[in-house]
Each structure stands twice: as structure tokens, then as C-alpha cells.
Amino acid sequence: MALLTGLAGAAGVAAAQEGAGATAATATTHAEAALPPLEAQTVTPARGGLDAARQAIEDYLNGIDTLRADFVQIGPDGGMTRGVLKIDRPGRLRFDYDDETPLLLVSDGATLTFIDYEVGQVTRWPIDETPLGLLVRDRIDLDDPAATGLDLAFNPGALAGYWVLEARNPDGDIPGTVDLTFVREAQTGVRLLGWEVVDAQGYVTRVSLSDVTLGQTFADSTWTFDDPRGLPAKRRRRGR
């Protein structure tokens, strides 16, 4: 099972993508164009520039109250899914996959829950023990790993103006890493482009964000879900 949003790809996205090879290939091209590769990191800015970028990213993350964005996810098998990400700090997030994908990933502020409506399975973790939980912490201090509970590494990206923040939980039950990619932007200083997830088996899942909007209001029901356990398949449904 892959890490965080990657686990959705490993738990059934491929089945939902049968017959969509050409579409997936096109989406992969667009997603990779939006989220630059993390390898071949040839740009090495001065230490002061890197520190300034690190501070800008910390300020950007701490400045997020709520966030809504469209996402494209490319799974380890090349399968593509789309959906909407919603964040309400501290602690709450939701990945709503498109209607044909029977998956949901939602945090109520304390617990991150992955629901597979196709098989009627529910899996939970403490949100703070997941690397992606870095996005929804009450206060983010990139200079104090003890405050996040994560191992953090900050590096320039493959292109000028891009930065990569790597997060992993050395003590949690979810092995793997999340590489968050940011880009310089005039309006906000920096912007989160997406992330790359590498699970314990080395499988890679990429998530690219677009149409990012800050400051929306979400209903409390956004952070709940319909429990499929014990229901016949025809009655399982993903609430919104």
C-alpha cells in the first residue's frame, strides 16, 4: 500500500482506469509539465537565497487558513485520476476523487481515513504521523524538526525558482517520503505545485495542483464520510 494519496492509487485506481490509456498518457504529460522532475538538481543558489526561500515557504504554509485546488494524480502504474483537494488548517483535509473512482481520503482534524468504497474497507492513521500532515499542522516551523515530528530536508529544485521540501516520519507506521514542490510566484512569494510520494516499496505517485484558491469556507460535513463497512456493494457510496 502506497503512502497517503499514493495508497489510493495502489488500492484500486488502476481498475478504475481500464480503457483510459491514451487519456492517462496525455494527463501524465500535462501533470509532469506542471510538476518538474526532482532529479538532476543542478541549480545551487547561494545559502542566503536558499534560506530566504525556506522562510518564504514556511510563511506561505502558515498563511494558509483554507485551500481548495483541483488535482491530477498519476499512480505508479501510470493510471490517472482527478479530483478536488480541500484543506482547513489545522488538521483537516479531503481528497475527493472523481465520481468513477470509489476512493476517499479525509482527515477530521485528528485522524486521516482512507475509504475504499469498492471493497468496503476503512483504514486510519493519526494525521500528525503522516508526512502529508505537515500541510495541516497548526504551526509549521521548518527550522525545528521536533516541532513537526518529521525528518525534513530542503533543497533547490531542478529548475531555477523551484524548491523541494522532503518530509518523512522516521517513527510512524507509514514509511516513505513526500517531496513537496514549490515555485516562486509574485503574488504570494511562493506557491505549492504538488508533491511526489515514494512508498516503502519504491513506488512513486505524483500529485499536481491547479486552480488553487485560498480563503474559502467549507461546511463541517466536508470532514466526514459515509462508512461503507457492513453495507452491500450496491448501497456503498461516497458522501460529499
Side-chain angles (χ1 to χ4, degrees), residues 3-8 35 53-73 83-97 104-115 123-154 163-169 171-172 174 176-185 187-197 205 207-225 239-240:
L3 174 67
L4 301 173
T5 54
L7 59 84
L35 189 58
R54 183 187 183 99
Q55 185 61 54
I57 288 172
E58 182 178 300
D59 292 344
Y60 170 79
L61 293 175
N62 281 316
I64 294 174
D65 183 16
T66 65
L67 177 148
R68 182 202 179 279
D70 296 329
F71 71 83
V72 174
Q73 176 178 304
V84 175
L85 165 66
K86 297 174 183 176
I87 290 176
D88 188 351
R89 297 178 60 241
R92 302 195 290 187
L93 61 79
R94 182 182 181 104
F95 288 85
D96 266 320
Y97 290 84
L104 176 64
L105 189 68
V106 59
S107 170
D108 61 4
T111 302
L112 181 66
T113 304
F114 172 65
I115 308 100
T123 310
R124 292 187 171 98
W125 307 269
I127 182 66
D128 285 343
E129 291 186 9
T130 66
L132 201 53
L134 175 67
L135 291 175
V136 293
R137 290 180 182 273
D138 186 27
R139 184 68 185 172
I140 298 167
D141 185 347
L142 300 182
D143 291 320
D144 185 5
T148 64
L150 301 170
D151 285 343
L152 300 176
F154 184 67
W163 298 277
V164 178
L165 177 62
E166 178 185 301
R168 71 169 70 228
N169 185 348
D171 301 318
I174 307 177
T177 63
V178 174
D179 290 329
L180 304 170
T181 300
F182 299 84
V183 64
R184 181 186 295 118
E185 187 177 73
Q187 185 175 8
T188 59
V190 296
R191 176 170 59 90
L192 176 63
L193 282 182
W195 52 85
E196 183 173 276
V197 176
T205 298
V207 175
S208 179
L209 304 182
S210 62
D211 295 329
V212 177
T213 303
L214 304 179
Q216 289 192 354
T217 300
F218 303 123
D220 288 341
S221 59
T222 303
W223 323 113
T224 64
F225 63 94
R240 286 186 178 272

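- A donor-acceptor distance shorter than 3.5 angstrom exists from the side chain of Thr66 to the backbone of Gln216, with no hydrogens or angles considered.
- The closest side-chain heavy-atom distance from Ile115 to Val106 is below 4.5 Å.
- Expressed to the nearest 0.5 Å, how far CG of Leu93 lies from CG of Leu135 amounts to 7.5 Å.
- The shortest heavy-atom contact between Trp223 and Ile87 is CH2-C, 4.2 Å.
- Residue Gln73 forms a side-chain contact (heavy atoms from CB on, under 4.5 Å) with just one option from Thr205, Val197, Leu85, and that option is Thr205.
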Quiz item: Between Val190 and Tyr60, does a side-chain contact (heavy atoms from CB on, under 4.5 Å) hold up when you go through it step by step?
Solution: CA-CA 7 Å; Val190 296; Tyr60 170 79; 3.5 Å; yes
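- Here Thr111 contributes atom OG1 and Arg124 contributes atom CZ; the two are 7.0 Å apart, rounded to the nearest 0.5 Å.
- With sequence neighbours excluded, the residues forming a side-chain contact (heavy atoms from CB on, under 4.5 Å) with Ala69 are Leu67, Leu209, Val212, listed by chain and number.
- Under the 3.5 Å distance criterion, the side-chain polar atoms of Arg89 are matched with a main-chain donor or acceptor of Arg137.
- For Arg184, the side-chain contact (heavy atoms from CB on, under 4.5 Å) test picks out Trp163, with sequence neighbours left out.
- The minimum heavy-atom distance linking Arg54 with Asp143 is given by the pair NE-OD1, 3.0 Å.
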Exercise. Could you walk me through whether Val136 and Ile127 pass the side-chain contact (heavy atoms from CB on, under 4.5 Å) test, one step at a time?
Key: CA-CA 9 Å; Val136 293; Ile127 182 66; 3.9 Å; yes
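- Thr224 has its side chain out of reach of Asp108: every pair of non-hydrogen atoms, C-beta onward, lies at least 4.5 Å apart.
- Note that the CG atom of Leu132 and the CG atom of Leu180 stand 7.0 Å from one another [nearest 0.5 Å].
- Between Phe114 and Phe225, a ring centre-to-centre spacing not shorter than 6.0 Å is recorded.
- Shortest non-hydrogen contact noted between Ser107 and Ala110 is OG-N, 4.2 Å.
- Partners of Asp70 by side-chain contact (heavy atoms from CB on, under 4.5 Å), not counting sequence neighbours, listed by chain and number: Arg68, Val84, Ser210, Asp211.
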Quiz item: Could you walk me through whether Leu134 and Leu152 pass the side-chain contact (heavy atoms from CB on, under 4.5 Å) check?
Solution: CA-CA 10 Å; Leu134 175 67; Leu152 300 176; 4.2 Å; yes
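- Glu166 CD to Thr181 OG1: the interatomic distance, rounded to the nearest 0.5 Å, is 11.0 Å.
- The shortest heavy-atom contact between Leu142 and Ile140 is CD2-CG2, 3.7 Å.
- No option in Leu193, Leu61, Val164 other than Leu61 meets the side-chain contact (heavy atoms from CB on, under 4.5 Å) test with Phe182.
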Practice problem: Just do the salt bridge (charged side-chain N to carboxylate O under 4.0 Å, His left out) check on Arg94 and Asp96 with the steps written out, would you? | Solution: CA-CA 6 Å; Arg94 182 182 181 104; Asp96 266 320; 2.9 Å; yes
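- Within the 4.5 Å cutoff, the side chain of Phe71 has heavy atoms near those of the Val207 side chain.
- Salt bridge annotation for Asp88-Lys86: absent, with no cationic side-chain nitrogen under 4.0 angstrom from a carboxylate oxygen.
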